[in-house]
Amino acid sequence: MSVERTLSIIKPDATRRNLTGKINAKFEEAGLRIIAQKRIHLTKAQAGEFYKVHAERPFYDELCEFMASAPVVVQVLEGEGAVAKNREVMGATNPADADAGTIRAEFAESVGENSVHGSDAPETAAAEIAYFFAGTELVG
Ligand code: CMP
């Protein structure tokens with residue numbers, strides 16, 4: 001297993017409920033290092049570009065509206081096998097299916113408002129990180 005970087009987003013349902021610190025503690029307890037982080041308020045167009053792979057899905061418009069509805073925290077997590085480890089810490093997309101102790105089991109409100117996003121593969125992670133961060137902002 002090699003050291004990887006992955007993109008994480010703490011979503012509007014979580015920032016609204018002031019859960020950034022509790023979610024970051026889950027990442028750090030799992031050995032993931034937050035090497036870049038910023039709070040931003042996405043426009044619907046920026047959310048749409050980020051999630052364009054889902055453009056044909058029935059929930060796309062709702063997803064983009066939601067992601068632009070309040071601030072998000074975008075972050076880069078680094079660690080051994082960070083992509084898979086982050087997905088483990090997040091839990092299943094639908095909180096009803098998420099294992100106990102995962103972020104989504106503890107905090108997510110629904111499949112749409114599920115508190116966090118994480119890249120699904122190292123190649124996706126590189127593209128998603130570049131969407132939000134300049135190389136000089138990653139401080140490993
Ligand atoms: P995320 O990991 O950010 O990737 C795509 C997002 O689409 C996903 O988390 C969910 O928040 C959202 N999503 C997936 N399925 C549904 C659905 N059936 N209804 C609404 N949103 C969904």
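All heavy atoms count here, side chains included; hydrogens, waters and symmetry mates do not.
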Does NZ or CZ of K38 come closer than 6.0 Å to the centre of the six-membered ring of F133, within 45° of the ring's axis?
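Yes, a cation-pi geometry.
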Determine whether [X] and [Y] make a side-chain contact, defined as any pair of heavy atoms from C-beta on separated by less than 4.5 Å.
X	Y	answer
D120	V83	no
R17	S115	yes
N24	Q37	yes
T20	T15	yes

So if you build clusters from Ile, Leu, Val, Met, Phe, Trp, Tyr with side-chain heavy-atom gaps below 4.5 Å, do [X] and [Y] land together?
X	Y	result
L32	V73	yes
V74	I35	yes
L7	M67	yes
L42	F59	yes
L77	I129	no

Pair [X] + [Y], salt bridge at N-O below 4.0 Å:
X	Y	value
D61	K44	yes
K52	E49	yes
E106	K26	yes

Closest contact, heavy atoms only, [X] versus [Y]:
X	Y	result
G112	K11	O-NZ, 4.5 Å
R5	A125	O-CB, 3.4 Å
A14	I23	CB-CD1, 3.8 Å
C64	G48	SG-CA, 3.5 Å
T102	E88	CG2-O, 3.5 Å
A98	A105	CB-N, 3.7 Å

What verdict does the side-chain contact (heavy atoms from CB on, under 4.5 Å) test give for F27 and I103, after you've listed the backbone C-alpha separation in whole Å, the side-chain angles of each residue and the deciding distance to 0.1 Å? CA-CA 9 Å; F27 295 139; I103 291 169; 3.6 Å; yes
Suppose the criterion is ring-ring contact (aromatic ring centres under 6.0 Å, His included): which pairs have a residue in residues 66-102, not counting sequence neighbours?
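Of all non-adjacent pairs touching residues 66-102, none passes ring-ring contact (aromatic ring centres under 6.0 Å, His included).
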How far does CG of N94 sit from CZ of R104, to the nearest 0.5 angstrom?
->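 The CZ atom of R104 is 9.5 Å from CG of N94, to the nearest 0.5 Å.
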Q) Rounded to the nearest 0.5 Å, how far does CG of N114 lie from CG of D13? A)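 So the gap between those two atoms works out to 7.0 Å.
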Can you label the angle between the Y51 ring and the H117 ring as parallel, tilted or perpendicular, going by 30° and 60°?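 Correct class here is perpendicular.
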>> Donor-acceptor check, side chain of E113 to backbone of S110, threshold 3.5 angstrom: yes or no?
In response: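 Absent.
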Determine whether a donor-acceptor pair (N or O, by modelled atom type, separation under 3.5 Å) exists between the side chain of E78 and the backbone of R33.
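Checked: no pair found.
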Might you work through the side chain to side chain donor-acceptor pair (under 3.5 Å) test for R87 and T6, ending with a clear yes or no? CA-CA 10 Å; R87 294 179 72 76; T6 191; over 6 Å; no
**Study point:** Check against side-chain contact (heavy atoms from CB on, under 4.5 Å), S69 and R16
**Key:** CA-CA 10 Å; S69 67; R16 271 194 202 105; 2.7 Å; yes
